[in-house]
Participant: 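Here you go, one structure.
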Number of protein chains: 2
Amino acid sequence: MGIEYKTDCPIRAVLKVLGGKWPLLVLSKLEESKRFSAIKREIPEISEKMLIETLKQLTENKLATRKDFKSIPPHVEYKITDKGMKAMEAIPLMRKALSS
Amino acid sequence: MGIEYKTDCPIRAVLKVLGGKWPLLVLSKLEESKRFSAIKREIPEISEKMLIETLKQLTENKLATRKDFKSIPPHVEYKITDKGMKAMEAIPLMRKALSS
DNA sequence: TTATGTACTATAAAAAAAGTATGTACTATA
DNA sequence: TATAGTACATACTTTTTTTATAGTACATAA
């Protein structure tokens, strides 16, 4: 899935994990633990398919955690990790640079 | 061209200008002023079309400058701007976060 | 007069990403 | 027995992005 990047290049490494339309935006909503359905409500433009794929990718890369409450109907919550937080800190810097 | 992003969202603002496969990589090669052909040689995987489009986008956003030597055969050089440099500074931070 | 070099354009084809719609599991509740 | 509720899967279509390929302009040199 996604573009084939050489991860020894820092730029490629970043794009591989955070590039694309949704990962950064989804991650930005996870400062507080949230159910799948709640995230979807906060980002109505995203399709369920993309949200699931994005969340899966984020958890695989340890940028978010997935907590399954093992109940029925299902209850699952996602939350950004410290690693994810650190990565997100670069965004305001970039934004600031771009508006300079 | 590209995805329609609301620029009032910092994440969208960043993605609009630097998202996608090539902008960051191209920008990283422009610390020293370089001819179009030289950039292409440094990034052989990129197609000419994409390189031109990317360079145009970067110059439009003041992340790079384009200097035309008005000669024939053409001689044009591109170079990263201060603004571009500032934006690029966020990359190592992200990279560092991702490998933590 | 013909070939060369260089930035750039234009078109079509291929590949990748995203969107849409529908279906599944499973328990509780009506 | 039928329905609701929730996270997630899967097939299919459409859209977007990228690649590949073939030009164009124009001065200079062979």
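Just so you know, these numbers come straight off a predicted model, no measurement behind them. Chain A is the first sequence line, chain B the second, and so forth, proteins listed ahead of strands; every chain is numbered from 1.
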Participant: Determine whether a donor-acceptor pair (N or O, by modelled atom type, separation under 3.5 Å) exists between the side chain of B:Ser47 and the backbone of B:Met50.
Facilitator: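 A pair under 3.5 Å: yes.
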Participant: Out of curiosity, B:Lys96 NZ to B:Leu98 CG, how far, rounded to the nearest 0.5 Å?
Facilitator: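 Going from the NZ atom of B:Lys96 to the CG atom of B:Leu98 covers 12.5 Å.
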Participant: Students often get this wrong, so: under 4.0 angstrom with heavy atoms, is A:Phe69 touching a base, only sugar-phosphate, or nothing?
Facilitator: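 Touches nothing.
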Participant: Can you tell me if B:Ser37 touches the phosphate of C:dA7, counting only side-chain N or O atoms and a distance under 4.0 Å to OP1 or OP2?
Facilitator: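 Indeed, a polar side-chain atom of B:Ser37 lies that close.
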Participant: How close do A:Leu63 and A:Lys83 get, heavy atom to heavy atom, and via which atoms?
Facilitator: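 That closest heavy-atom pairing would be CD2-CG, 4.0 Å.
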Participant: Report the distance from atom CG of B:Leu55 to atom C1' of C:dT9, rounded to the nearest whole Å.
Facilitator: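 For the pair B:Leu55 CG and C:dT9 C1', the rounded distance is 15 Å.
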Participant: Give the rounded distance in Å between these two atoms: CE of A:Met50 and P of D:dT10.
Facilitator: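 After rounding, the reported distance stands at 14 Å.
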Participant: Would you mind building the protein contact string for nucleotides 20-30 of chain D? One character per nucleotide, 5' to 3', B for base within reach (heavy atoms under 4.0 Å), S for sugar-phosphate only, - for untouched.
Facilitator: B-----BS---
Participant: Can a side chain N or O of A:Lys56 be found less than 4.0 Å away from OP1 or OP2 on D:dA9?
Facilitator: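 Checking A:Lys56 against D:dA9: at least one side-chain N or O falls below 4.0 Å of OP1 or OP2.
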Participant: Nearest 0.5 Å, please: how far is OH in B:Tyr78 from CD1 in B:Ile39?
Facilitator: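 Those atoms lie 7.0 Å apart.
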Participant: With Watson-Crick and G-U wobble geometry limited to distances under 3.5 Å, how should the secondary structure of DNA chain C be encoded in dot-bracket form, using | for bases paired to another strand and [ ] for crossing pairs?
Facilitator: ||||||||||||||||||||||||||||||
Participant: For B:Trp22 and A:Arg35, find the nucleotide of DNA chain D closest to each by heavy atoms; which residue's nucleotide sits nearer the 5' end?
Facilitator: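 In this pair, the answer is A:Arg35.
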Participant: Looking at CZ of B:Arg35 and NZ of B:Lys40, how far apart are the two atoms once the value is rounded to the nearest 0.5 Å?
Facilitator: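 Between B:Arg35 CZ and B:Lys40 NZ, I get 15.5 Å after rounding to 0.5 Å.
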Participant: I need the minimum non-hydrogen distance between A:Ala97 and B:Ala87, along with the two atoms involved.
Facilitator: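 That would be CB-N, 3.5 Å.
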Participant: Name every donor-acceptor pair, under 3.5 Å, that has one atom in a side chain of residues 22-33 of chain A and the other anywhere in the protein, sequence neighbours excluded.
Facilitator:
{"from": "A:Ser28", "atom 1": "OG", "to": "A:Leu25", "atom 2": "O", "distance (Å)": "2.5"}
{"from": "A:Ser33", "atom 1": "OG", "to": "A:Glu77", "atom 2": "OE1", "distance (Å)": "2.6"}

Participant: Can you tell which of A:Glu42, A:Lys79, A:Arg41 makes a side-chain contact (heavy atoms from CB on, under 4.5 Å) with A:Lys34?
Facilitator: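 Result for side-chain contact (heavy atoms from CB on, under 4.5 Å) with A:Lys34: A:Glu42.
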